[in-house]
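What follows is a short report on a single structure.
Throughout, a chain's letter reflects where its sequence line sits, starting with A, and its residues are numbered from 1.
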Number of protein chains: 2
Amino acid sequence: MPTTKPRWLDDDEMRAWLAYRRMRLLLSAEINRDLARDSGLSEADYDVLSNLTAATTTTRTTATTAGTTPTGAADRRRLSELAAHMQWSKSRLSHHITRMEQRGLVRREEVDGDARGSFVVLTPQGRETIERAAPHHVHSVRRHLIDRLSPEQIRVLGEIGDVVLGPLEGEGIPED
Amino acid sequence: MPTTKPRWLDDDEMRAWLAYRRMRLLLSAEINRDLARDSGLSEADYDVLSNLTAATTTTRTTATTAGTTPTGAADRRRLSELAAHMQWSKSRLSHHITRMEQRGLVRREEVDGDARGSFVVLTPQGRETIERAAPHHVHSVRRHLIDRLSPEQIRVLGEIGDVVLGPLEGEGIPED
DNA sequence: CGCAGGTCGGTGACATGTCAACCACGGCGC
DNA sequence: GCGCCGTGGTTGACATGTCACCGACCTGCG
């Protein structure tokens with residue numbers, strides 16, 4: 001808590017803070033609009049799907065990849081494991097999976113060893129959807145963000161993420 | 001639309017994209033949590049309030065300032081003007097003002113020349129609230145973001161905002 | 001004047017998230 | 001075997017936003 005006078009933001013700092021906030025508002029809106037138009041998915045849908053296919057390929061941390069699937073893929077993850085990985089609350093994921101299940105994109109499946117848990121499994125339609133969506137999405141992300149930045153700006157943005165997120169990753173989501 | 005093969009993101013690009021997305025998720029959550037705990041406000045509340053006091057002082061574009069008010073301030077703005085300035089949809093603002101009105105932070109007031117429109121007016125309690133909240137909020141923003149960044153990172157973040165937002169500012173919000 | 005079309009806002013239905021229980025099960029100590 | 005607690009997940013009530021649409025009101029023009 002600021003016991004004394006607060007140090008207000010100077011012009012550069014304000015500009016940076018504003019940049020972050022405006023991007024959160026406008027850039028996200030734009031990319032999500034593209035995604036909805038091109039593929040009928042919300043960003044949340046896309047993330048879930050891509051984290052399910054990602055599980056099958058090599059380690060893919062984010063949502064902007066979806067290559068062809070190697071044979072014998074698993075396409076399934078425990079709810080809690082997926083929630084932790086995405087840093088979503090279990091509640092959020094559960095609600096969202098329910099909705100995606102009704103649209104036929106994923107389905108729940110029991111776990112053998114543990115009667116409490118369940119898997120989320122990608123349906124064929126889910127796979128089809130994400131594979132179709134991915135190229136458009138990457139294109140959208142490039143068009144609105146990545147391709148507008150210089151290599152230096154890209155590098156620095158990555159650095160900023162490391163510096164800022166480091167201390168936060170631990171604390172996680174409020175966790176139900 | 002990607003007619004040919006999509007250009008997937010390379011490692012640096014992916015890192016930058018991930019940084020943006022994780023910050024949107026975790027950093028925002030953290031700062032909002034602080035704000036709610038310290039001042040009982042949501043980020044949206046804070047923005048509205050600060051844009052109302054801002055109108056009274058010199059031109060303040062963002063939400064991280066709230067100095068003492070000069071005498072004879074107006075503390076009022078047209079709904080549509082405020083919505084445009086914040087780049088919120090009118091619907092969103094209208095709903096939100098209704099809720100804030102019920103908490104006594106703002107109130108609506110008729111416009112003389114135009115029977116359609118209304119002003120949003122800061123109540124004394126609203127002013128009190130934002131002035132109390134501001135120092136904590138700046139502190140929180142510094143602690144989680146600004147003070148973790150080097151001057152160069154701050155400068156580049158600002159640049160990124162300009163480059164990315166430039167093309168978007170025009171398009172505005174889906175606008176009801 | 002009189003009205004066509006834009007502007008200002010408000011509303012209701014619906015989507016998404018959060019928070020706080022809650023339930024059922026698994027594991028462990030005794 | 002039993003009692004307890006931690007885990008995995010679900011649920012319902014509620015907050016916030018979006019979208020589509022309404023309605024009142026201005027304004028320019030014939």
Side-chain angles (χ1 to χ4, degrees), chain A residues 24-26 28-30 32-33 35-37 40-48 76-103 105-121 172-176, chain B residues 24-26 28-30 32-33 35-37 40-48 76-103 105-121 172-176:
Chain A
R24 234 180 52 204
L25 184 65
L26 299 183
S28 302
E30 202 67 21
N32 292 349
R33 187 161 21 258
L35 191 52
R37 184 171 33 63
L41 296 174
S42 68
E43 185 183 13
D45 297 334
Y46 190 94
D47 279 8
V48 170
R76 84 190 47 222
R77 291 178 91 160
R78 292 293 292 257
L79 273 170
S80 54
E81 189 252 322
L82 183 54
H85 181 75
M86 300 178 68
Q87 304 201 246
W88 280 20
S89 69
K90 285 188 277 186
S91 164
R92 178 181 182 184
L93 185 58
S94 180
H95 279 306
H96 208 273
I97 291 299
T98 301
R99 292 185 294 253
M100 292 180 71
E101 207 169 9
Q102 288 166 354
R103 292 194 289 146
L105 296 172
V106 299
R107 100 191 115 72
R108 279 182 237 248
E109 195 169 286
E110 292 169 10
V111 177
D112 275 2
D114 190 334
R116 288 168 304 186
S118 30
F119 285 120
V120 202
V121 189
I173 298 297
E175 203 46 70
D176 322 66
Chain B
R24 233 180 52 202
L25 185 66
L26 299 182
S28 303
E30 202 67 21
N32 292 350
R33 187 161 21 259
L35 191 51
R37 183 171 35 63
L41 296 174
S42 68
E43 185 182 13
D45 297 334
Y46 189 95
D47 280 8
V48 169
R76 86 189 45 221
R77 291 178 91 161
R78 291 292 293 259
L79 273 171
S80 55
E81 189 253 321
L82 183 54
H85 181 74
M86 300 178 68
Q87 305 199 246
W88 280 19
S89 70
K90 286 189 275 186
S91 164
R92 177 181 182 183
L93 185 59
S94 181
H95 279 306
H96 207 271
I97 292 299
T98 301
R99 293 185 293 253
M100 292 181 70
E101 207 169 8
Q102 287 165 355
R103 292 192 290 147
L105 296 172
V106 299
R107 99 190 116 72
R108 280 182 235 246
E109 195 170 287
E110 292 171 10
V111 177
D112 276 1
D114 191 335
R116 290 168 304 184
S118 30
F119 285 120
V120 202
V121 189
I173 298 296
E175 203 46 72
D176 322 69

Please state how far atom CD1 in B/I97 lies from atom C1' in C/dG9, giving the value in whole angstrom units. 12 Å
Contacts of type ring-ring contact (aromatic ring centres under 6.0 Å, His included), residue A/H96, not counting sequence neighbours: A/W88
Interatomic distance, A/L82 CG vs D/dT10 C1' [rounded to whole Å]: 16 Å
Going by side-chain contact (heavy atoms from CB on, under 4.5 Å), name the residues that satisfy it together with A/V111, two or more places apart in sequence or in a different chain. A/R78, A/D114, A/F119
CG of B/N32 versus P of D/dT16: gap in Å, rounded? 11 Å
Assign A/H95 to base, sugar-phosphate, or nothing according to its heavy-atom contacts below 4.0 angstrom with the strands shown. base
Looking at residues at least two apart in the chain, or sitting in another chain, which of them share a side-chain hydrogen bond (donor to acceptor under 3.5 Å, both in side chains) with A/S28? B/Y20, B/R24
Counting distance alone, no hydrogens or angles: does the base of C/dC19 have a donor or acceptor under 3.5 Å from a partner atom on the side chain of A/S89? no
In whole angstroms, how far is the P atom of D/dT16 from the CZ atom of A/R92? 17 Å
A/K90 has its side chain closest, among C/dG9, D/dG9, C/dT16, to D/dG9
Between C/dT16 atom P and A/L35 atom CG, what is the distance in whole Å? 12 Å
Looking at A/S94, I'd like to know whether one of its side-chain N or O atoms comes within less than 4.0 Å of OP1 or OP2 on D/dT10. yes
Could you list the residues that satisfy side-chain hydrogen bond (donor to acceptor under 3.5 Å, both in side chains) with B/R108, not counting sequence neighbours? B/T98, B/E101
N/O (side chain, A/R78) to phosphate O (OP1/OP2, D/dG8) under 4.0 Å: no
C/dT16 P sits how many Å from A/M100 CE, rounded? 10 Å
Just the rounded figure in Å: distance from C1' of C/dG17 to CD of A/E43. 14 Å
Check whether the side chain of B/S80 and the base of C/dT7 form a donor-acceptor pair under 3.5 Å. no
Closest heavy-atom contact between B/L82 and B/V120? CD2-CG2, 4.2 Å
A/E110: which residues meet the side-chain hydrogen bond (donor to acceptor under 3.5 Å, both in side chains) condition with it, sequence neighbours left out? none
Non-hydrogen atoms of A/R103 and A/G40 that approach each other most closely: NH1-O, 3.7 Å
Please determine whether any donor N or O and acceptor N or O are separated by less than 3.5 Å between the side chain of A/S91 and the base of D/dT11. yes
Ignoring backbone atoms, test whether B/R99 places a side-chain nitrogen or oxygen under 4.0 Å from the OP1 or OP2 oxygen of D/dG17. yes
Just to be sure I understand the rule, does A/S118 reach a base, reach only the sugar-phosphate, or reach nothing, if contact means heavy atoms closer than 4.0 Å? sugar-phosphate
Need one value for A/A83: base, sugar-phosphate or nothing, where a base atom within 4.0 Å counts as base even if backbone is also close, heavy atoms only. nothing
How about B/V48 and B/M86: do any of their side-chain heavy atoms sit closer than 4.5 Å? yes
Nearest-angstrom distance from the residue atom CH2 of B/W88 to C1' of D/dC19: 17 Å
With a 4.0 Å heavy-atom cut-off, tell me which residues in residues 108-117 of chain B come close to DNA chain C, sorted by residue number. B/R108, B/R116, B/G117
